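Numbers restart at 1 for each chain; the letters A, B, ... are given by sequence-line order, proteins then strands. In this text the structure is predicted, and so the values were computed from the model without any measurement.
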Number of protein chains: 2
Amino acid sequence: MSARARERFDLSNETATAPAVTPAAQRVQKPQRKTLERREAVLKAALSVFGARGYNNGALAEIAAQAGMTHAGVLHHFGSKEALLIAVLQYRDGEEVAGIARREQPTGKAFLGHLLDTVRENTTRPGVVQAYAVLSAESVTDGHPAQEYFRGRLTGLREKLIGVINEATDFVADQQEVHETASALIAVMDGLQVQWLLDPAAVDMPRTVELVLEELVGRLMAGRRDIVVPIGPSSDATP
Amino acid sequence: MSARARERFDLSNETATAPAVTPAAQRVQKPQRKTLERREAVLKAALSVFGARGYNNGALAEIAAQAGMTHAGVLHHFGSKEALLIAVLQYRDGEEVAGIARREQPTGKAFLGHLLDTVRENTTRPGVVQAYAVLSAESVTDGHPAQEYFRGRLTGLREKLIGVINEATDFVADQQEVHETASALIAVMDGLQVQWLLDPAAVDMPRTVELVLEELVGRLMAGRRDIVVPIGPSSDATP
DNA sequence: GAACACTTACTTACTGGTTAGTAAGTGTGT
DNA sequence: ACACACTTACTAACCAGTAAGTAAGTGTTC
């Protein structure tokens, strides 16, 4: 908590901008291939350690050891533990599909299929799932450095889903219902992860998500739920 | 991590059973009313601190201060931080409804209504929700003391829900589907909590849970999966 | 192509701070 | 007088971050 205490009381930010303290990842003009590989090794180690122990309880020394250096070496590259965390989160965002070639995010109904594919894929990578589940929940603790990241991520996903659902619906659906459907979909995927991590045999993540997708979105798309709102002034829906 | 390291390497369990180390909560024959009140104060403080900071990052000293004593006093009552954690979880189970009189868990369809009521109630108690969300996800980390507790809790809830759904269904539904519906319901409730904690205005927990309940369970109860059966405007899951 | 200036990627060693748990004692109510 | 509820004082361990140094480059100039 020394870092947190300092963050609260130390308003002088000058030291952070002084050249000597700036991490190598931002200071260096042209990083060599080997350097980038070492950096990626650190990120992979951090993802594994943060997943296995959480952010607060995950030690830089363990990450460093897994990457084959000392914890001071890790700090040389990333500047601080906090900076390493958000680097890890961004790395996971961009790279998580790396094994199966970088695919672009589809739009429209295809996005829902993409979501299901991701869930299926996650079954293969418990480490990544663990990191996401642990860190996202830990982020709701007071002053957690990943709070803004996860808030933004959830808001973005929700908006994306709302758009996709509206796009896939021929008529203008009740927007509150669409919003709730989007929230529920995200919640199911996230909530299932914890259940699955605690007892992998007890839940079938892909099938369960598929069921919810069919029931919730399928029904919305089919057009009914007691009250069908006809045509409205919304510009979002496909004409 | 000192506790964890010891747990791993120190196989001698004798000290834990030696009389001098046994916590007062198990040693004392007839605890006085005042003692029990102090003990409850510690539990309430622990719930708040573990919720705000997580288990690993929550300090006994802070819990103690909130309960008006020193951290050694807390250890006098509960023996260890780990023991305090599971005492807190059990306390939350038994007491979380304390404000509104101890009500028994209903069976059958009424249980679904009870679930919704709990969600509604949770909106009022962000601290408890935070503690549950943070601790349940933290429990999936390696060797976490609350792992067994949460695994058992989720398994129990799932079984209970499967029973309730089957009870509420006139015919024999596809059991895999029932199982997935139960998992999905739990996942929605848990997943929504993180979204809500990060951005309370962005999600309507009760309404979203209600929507999922109606769509998923309502449909199952109505009997089919291809044919759309409209559900009445009744917002209560109880028939 | 060799000498020189400079950068980068680390390491070792240390600091200041925090933490769970222990031991020994003190006061208080019964 | 005794059990109990604490406190004070301490310990051993851990941890993020800093400082200072070193070895291996890289680029530039002649």
Practice item. Of all the heavy-atom pairs spanning Q195(A) and S183(B), show the shortest one and how long it is. Key: NE2-O, 3.1 Å
Point to revise | cation_pi(K81(A), Y55(A)) dist<6.0 Å, angle<=45 | key: yes
Point to revise | Nearest-Å distance for atom pair NE2/P, residues H76(A) and dA19(D) | key: 16 Å
Check your understanding: Near DNA chain D, which residues from residues 66-74 of chain B have a heavy atom under 4.0 Å away?
Key -> M69(B), T70(B), A72(B), G73(B)
Review point. So, for Y149(A) and D93(A), which heavy atoms are closest and what is the spacing to 0.1 Å?
Key: OH-OD2, 2.7 Å
Point to revise | Whole angstrom value for the distance that separates C1' of dG17(D) from NE2 of H77(A) | key: 16 Å
Exercise for review: For dC10(C), take OP1 and OP2 only and decide whether either is under 4.0 Å from a side-chain N or O of R38(A).
Suggested key: yes
**Study point:** DNA chain C: 5'-proximal contact among L60(B) and K34(B) (nearest heavy atom)
**Key:** L60(B)
Point to revise | Whole-Å gap separating C1' (dC14(D)) and CG (N56(B)) | key: 13 Å
Practice item. Please state how far atom CG in N57(B) lies from atom P in dA16(D), giving the value in whole angstrom units. Key: 11 Å
Practice item. Could you state the atom-to-atom distance from CD1 of I63(A) to C1' of dG17(D) in whole Å? Key: 14 Å
Exercise for review: Enumerate the residue pairs fulfilling salt bridge (charged side-chain N to carboxylate O under 4.0 Å, His left out) with a member in residues 42-52 of chain A, sequence neighbours excluded, ordered by first and then second residue.
Suggested key: E40(A)-K44(A)
**Study point:** Matching residue for V119(A) among R207(A), M189(A), H114(A) - test: side-chain contact (heavy atoms from CB on, under 4.5 Å)
**Key:** M189(A)
Check your understanding: Between L75(B) (CG) and dA24(C) (P), how many Å, whole number?
Key -> 17 Å
Check your understanding: Nearest-Å distance, CZ (F78(A)) to P (dA16(D))?
Key -> 15 Å
Study note, to complete from the structure: L84(B) atom CG is separated from dT19(C) atom C1', nearest whole Å, by 15 Å
Revision key, fill the gap. On a heavy-atom basis, the closest approach of G58(B) and F50(B) is O-CE2, 4.2 Å
